[in-house]
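The structure appears below as structure tokens.
The model shown is predicted, which means the values in this text are computed figures rather than measured ones.
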Amino acid sequence: MDSSADPDFVVAPEERLSWPRTLGLGAQHVVAMFGATFLVPVLTGFPPATTLLFSGVGTILFLLITGNRLPSYLGSSFSVIAPVTAAVASEGTGSALGGIVAVGLLLILVGGVVHVVGTRWLDLALPPVVTGAIVALIGFNLAPAAKNNFEQGPLIGLVTLVLLVAALAFFRGMIGRLAIFVAVVAGYLLALLLGEVDTSGIAAAPWIGLPDFETPTFSLSVLPMFLPAVIALIAENIGHVKSVGQMTKRDLDPLMGRALAADGVATTLAGFGGGSATTTYAENIGVMAATRVYSTAAYWVAALVAIALSLCPKVGAVIVAIPAGVLGGATVVLYGLVGILGVRIWLTNHVDFAKPINQMTAAIPLIIGIADFTWSAGSLTFTGIALGSIAALLIYHGMRLLSFRTGATATTSAGPADPGPAPR
């Protein structure tokens with residue numbers, strides 16, 4: 001099949017190209033996911049090689065569980081950065097991994113229920129105004145972390161930030177879709193020229209070796225921090241399935257439960273081994289949209305390449321050496337985009353903010369999340385993300401219940417939260 005001769009050239013998920021073209025597309029998917037995927041372990045202190053390994057393994061599991069019918073790459077999720085950082089600070093890395101395992105198990109449970117009964121119950125429990133508020137506050141809650149990184153290298157951070165915005169503004173196609181990767185690499189090289197990169201670890205790292213593994217510990221006090229991440233992952237997976245369905249002109253909704261459960265399996269496995277939570281990646285949807293090749297074979301190649309890279313400790317050492325300023329420049333954009341994804345959920349689903357129920361459901365949780373309110377109850381500590389998420393649910397369903405009790409018109413935002421493709 002010749003794409004240059006046929007303007008309607010499309011390769012369906014079950015179709016296959018020649019091996020050279022498949023390998024090339026697989027490499028494109030690795031590059032597309034790499035920039036955002038390696039930032040998560042660097043920002044949380046997890047070993048990048050371990051996260052990369054479970055990213056590749058998770059992608060393979062996702063393809064198997066979805067019957068090789070849903071093209072997707074599972075990269076690192078930004079929705080767990082805040083709870084992981086808080087858990088590590090309070091009780092260590094093991095407790096953070098325990099939280100990731102809990103997220104994965106709950107996602108498996110949700111996926112199983114969706115597979116059996118459909119998504120209607122999700123639509124009722126988590127309408128777009130609630131989901132959008134929770135996703136938005138997760139992103140905006142991370143603003144202080146971005147500021148902290150940026151201030152450790154403001155010049156490098158500013159250069160990285162400007163390059164990222166410029167790449168998005170001036171380039172289309174692959175370069176535009178790889179703006180994060182391009183900007184981070186450019187910032188890294190500039191820092192290297194200025195002598196701001198510690199290369200001792202890179203020189204000492206071997207070329208071949210196993211990643212570092214760590215087992216989780218489970219602490220009741222940190223688990224509430226991770227529950228909102230489940231809602232964000234649900235929204236991301238639903239958006240992915242619907243986006244791929246639109247692009248391939250197929251009804252992929254019957255695979256929704258499998259997709260959620262598959263992401264849950266991948267996240268659980270990562271948590272048990274020392275990796276970060278996974279999610280479907282918008283960057284890779286962009287590659288599919290640009291190439292019109294939806295063949296799952298390319299994702300098998302991408303997963304295997306990621307696993308191979310994870311077995312090279314020198315790659316992990318290069319990633320660990322990224323200066324804080326470079327991370328600051330990138331995360332100013334990335335954390336903001338996570339917040340804007342929540343706003344996009346509202347816009348996509350036409351949430352009417354003239355209605356008090358929607359105003360209160362969004363306004364109060366955002367303030368709680370951005371200010372990072374904290375409340376302790378015995379051994380349990382609820383941070384801004386957890387409190388904001390609880391507030392969104394209680395306010396929406398409480399006001400809705402009161403409107404029915406008083407006979408007022410129920411001012412709801414109906415329909416599933418469909419964010420479309422989103423950055424990590």
Side-chain angles (χ1 to χ4, degrees), residues 33-52 55 75-90 92-93 96 138-168 178-205 211-212 214 274-277 313-339 370 372 383-385 423-424:
M33 68 83 186
F34 203 80
T37 291
F38 75 66
L39 281 178
V40 174
V42 172
L43 293 168
T44 56
F46 286 2
T50 309
T51 294
L52 197 57
S55 172
S76 302
S77 172
F78 276 77
S79 64
V80 299
I81 290 178
V84 164
T85 303
V88 170
S90 62
T93 304
I138 286 174
F140 295 141
N141 176 267
L142 291 166
K147 176 176 178 285
N148 180 59
N149 279 323
F150 192 92
E151 290 180 342
Q152 294 183 53
L155 175 61
I156 300 299
L158 181 61
V159 171
T160 304
L161 174 59
V162 170
L163 287 174
L164 203 164
V165 174
L168 287 169
L178 300 178
I180 297 170
F181 183 77
V182 171
V184 169
V185 170
Y188 198 139
L189 292 175
L190 177 59
L192 198 60
L193 290 174
L194 296 177
E196 297 185 15
V197 179
D198 181 3
T199 59
S200 58
I202 301 173
D212 297 323
E214 185 170 348
S276 186
K314 200 168 285 291
V315 171
V318 169
I319 295 172
V320 169
I322 298 174
V326 174
L327 297 176
T331 52
V332 165
V333 175
L334 289 173
Y335 293 166
L337 286 176
V338 174
I370 293 171
D372 200 20
T383 60
I385 292 179
R424 2 4 172 354

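Of all heavy-atom pairs spanning Val88 and Thr44, the tightest one is CG2-O, 4.5 Å. Between Pro48 and Val42, the shortest heavy-atom contact is CG-CG2, 4.4 Å. Of all heavy-atom pairs between Leu164 and Ala330, the closest is CD1-CA, 4.1 Å. Gly75 approaches Thr37 most closely through the heavy-atom pair CA-OG1, 3.5 Å. For Tyr188 against Val326, the heavy-atom pair with the smallest separation is N-CG2, 3.9 Å. Contact between Gly187 and Ile156 at its shortest, heavy atoms only, is O-CG2, 3.8 Å.
Between Leu161 atom CG and Thr331 atom OG1 the span is 9.5 Å, to the nearest 0.5 Å. Separation of atoms OG (Ser276) and CZ (Phe78) is listed at 9.5 Å; rounding is to 0.5 Å. Rounding to the nearest 0.5 Å places CG of Leu334 at 10.5 Å from CG of Leu142. Interatomic distance, Ile81 CD1 to Leu39 CG, rounded to the nearest 0.5 Å: 8.0 Å.
The side-chain contact (heavy atoms from CB on, under 4.5 Å) with Leu190 is formed by just one residue from the set Val185, Leu155, Val197, Val159; it is Val159.
Leu192 places a side-chain heavy atom less than 4.5 Å from the side chain of Thr199. Between Tyr335 and Asn141 the shortest side-chain heavy-atom distance does not fall below 4.5 Å. No side-chain heavy atom of Val40 sits less than 4.5 Å from a side-chain heavy atom of Thr51.
Residue pairs that meet the side-chain hydrogen bond (donor to acceptor under 3.5 Å, both in side chains) test with at least one member in residues 149-162, sequence neighbours left out, are Lys147-Glu151.
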Between Val84 and Phe46, does a side-chain contact (heavy atoms from CB on, under 4.5 Å) hold up when you go through it step by step? CA-CA 10 Å; Val84 164; Phe46 286 2; 3.7 Å; yes
Decide yes or no on side-chain contact (heavy atoms from CB on, under 4.5 Å) for Leu189 and Leu193, but give the supporting numbers first. CA-CA 6 Å; Leu189 292 175; Leu193 290 174; 5.7 Å; no
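Panel note: side chain Thr50, backbone Asp212; a donor-acceptor pair is recorded below 3.5 Å.
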